[in-house]
Amino acid sequence: MKTALITGASRGIGAALAEVLAPTHHIIAVGRTTGALEEVDDRIKALGGDATLAPMDITVDAAMQQLCRSIYDRWGGLDLWIHPAIHAAPLSPASHVNAKDFSKSTDVNITATSRLITYVAPLLGEDGTAVFLDDPHSGERYFASYGATKGAQIALARSWAAETVNTGPKVRILQPKPMSTATRARFYPGEDHGKLAHPRNEATRLLPEIFAP
């Protein structure tokens, strides 16, 4: 069976993608919350799939090195890497950005992503696929921390995509529709969630884009 590493698999679109991929891929699910990962695992098993749970913080470099080494030792590589992990700092004016929140945003959204690209690229080889999920808020009011660091994350992915057009792996940058998630609720607390997409529906919609030639 093919393998899919999902960094940020415990909730939201990451968990939904783990579930829709479960029939065709062994899921390596990374997230910080063990209980949430176990719930994802239960849903995967109910679908007849199988998962390996990795309750880890992607900002811990040694843990990510060990994870990627273990993937190589057990499976020899990866077919797919999906990276929805993100730190969504509270909204604030640019002149009032909290230093601790900005530092965490940088650590998760930029530094950890950059390191993971370095570690995962050899596992994907020429034939694998990496997927990043864009959520453009750069330059919007009150999105200074999130917009700047999410934009930088996607800039890293775009550079990697441009560099690997002829050599592989494939690098996809997809944009989900606004979804009913905890992150969205923090940004827009008064929003009518009934008008938002469900993560599972979005995961299903994105599958053809993930596997496009």
Side-chain angles (χ1 to χ4, degrees), residues 5-21 27 29-41 43 53-60 81-94 96-114 116 130-157 172-207 209-210:
L5 169 66
I6 303 180
T7 40
S10 57
R11 296 184 177 87
I13 189 65
L17 284 164
E19 292 172 43
V20 299
L21 286 165
I27 306 299
V30 178
R32 289 184 303 166
T33 309
T34 301
L37 286 177
E38 289 174 345
E39 291 175 6
V40 174
D41 187 40
R43 295 195 294 271
L53 304 185
M56 296 177 174
D57 184 338
I58 64 168
T59 66
V60 180
W81 172 38
I82 303 179
H83 185 57
I86 197 75
H87 175 64
L91 302 186
S92 73
H96 291 74
V97 167
N98 179 275
K100 184 176 180 181
D101 277 327
F102 192 79
S103 178
K104 186 172 182 180
S105 297
T106 301
D107 288 346
V108 175
N109 303 347
I110 306 174
T111 305
T113 299
S114 178
L116 280 165
V131 177
F132 298 84
L133 303 176
D134 198 4
D135 183 24
H137 288 283
S138 179
E140 291 186 17
R141 293 185 302 169
Y142 311 121
F143 276 92
S145 289
Y146 180 78
T149 56
K150 181 62 176 178
Q153 181 191 82
I154 297 302
L156 283 167
R172 312 284 193 199
I173 300 169
L174 310 182
Q175 188 171 328
K177 296 176 183 178
M179 294 174 289
S180 178
T181 63
T183 297
R184 179 86 185 182
R186 288 199 298 274
F187 287 160
Y188 304 101
E191 190 172 31
D192 181 359
H193 280 217
K195 297 181 179 179
L196 300 175
H198 190 279
R200 182 65 181 269
N201 293 339
E202 271 304 277
T204 301
R205 185 185 69 83
L206 292 173
L207 275 186
E209 296 185 47
I210 292 173

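Here, residue 1 is the first one in the sequence, and each next residue gets the next number. Worth knowing before you read on, the calculation uses all heavy atoms, side chains too, and leaves out hydrogens, waters and symmetry mates. No experiment lies behind these values; they were computed from the predicted model shown.
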| request: Quick one: do D135 and T183 satisfy side chain to side chain contact (heavy atoms under 4.5 Å, CB included)? Show the steps, please. | output: CA-CA 12 Å; D135 183 24; T183 297; 6.0 Å; no
[X] to [Y] - nearest heavy-atom pair and separation:
{"X": "G8", "Y": "P84", "answer": "O-CG, 3.5 Å"}
{"X": "V97", "Y": "A144", "answer": "CG2-CB, 3.8 Å"}
{"X": "H198", "Y": "R200", "answer": "ND1-N, 2.9 Å"}
{"X": "A18", "Y": "V40", "answer": "CB-CG1, 4.1 Å"}
{"X": "I13", "Y": "L206", "answer": "CD1-CD1, 4.5 Å"}
{"X": "L17", "Y": "I210", "answer": "CD2-CD1, 4.0 Å"}

Decide yes or no for [X] and [Y]: does some side-chain heavy atom of the first lie under 4.5 Å from some side-chain heavy atom of the second?
{"X": "H87", "Y": "S145", "result": "no"}
{"X": "W81", "Y": "L116", "result": "yes"}
{"X": "I27", "Y": "D41", "result": "no"}
{"X": "Y142", "Y": "S92", "result": "no"}
{"X": "T111", "Y": "T106", "result": "yes"}
{"X": "R11", "Y": "T181", "result": "no"}

| message | Filter on salt bridge (charged side-chain N to carboxylate O under 4.0 Å, His left out), then keep only pairs touching residues 173-190, sequence neighbours left out; what's left? | response |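 Only R184-E191 qualify under salt bridge (charged side-chain N to carboxylate O under 4.0 Å, His left out).
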Could you tell me the separation between the [atom1] atom of [X] and the [atom2] atom of [Y], rounded to the nearest 0.5 Å?
{"X": "I110", "Y": "K150", "atom1": "CD1", "atom2": "NZ", "result": "11.0 Å"}
{"X": "T113", "Y": "I86", "atom1": "OG1", "atom2": "CD1", "result": "7.0 Å"}
{"X": "L37", "Y": "L53", "atom1": "CG", "atom2": "CG", "result": "5.5 Å"}
{"X": "Q175", "Y": "L133", "atom1": "CD", "atom2": "CG", "result": "10.0 Å"}
{"X": "S180", "Y": "D192", "atom1": "OG", "atom2": "CG", "result": "9.5 Å"}
{"X": "D134", "Y": "I154", "atom1": "CG", "atom2": "CD1", "result": "4.5 Å"}

| message | Test your reading of the model: is there a side-chain donor-acceptor pair from S105 to the backbone of D101, 3.5 Å cut-off? | response |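 Yes; at least one donor-acceptor contact below 3.5 Å.
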| request: Report the relative orientation of the aromatic rings in Y188 and F143; use parallel for angles under 30°, tilted for 30 to 60°, perpendicular for over 60°. | output: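 Judged by the thresholds at 30° and 60°, the geometry between Y188 and F143 is tilted.
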| Can you list the residues that meet the salt bridge (charged side-chain N to carboxylate O under 4.0 Å, His left out) rule with R205, with sequence neighbours excluded? |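 For R205 the salt bridge (charged side-chain N to carboxylate O under 4.0 Å, His left out) partners, ignoring immediate neighbours, are E202, E209.
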| Contacts of N109 that satisfy side-chain hydrogen bond (donor to acceptor under 3.5 Å, both in side chains) - sequence neighbours left out |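 Expected list: T149.
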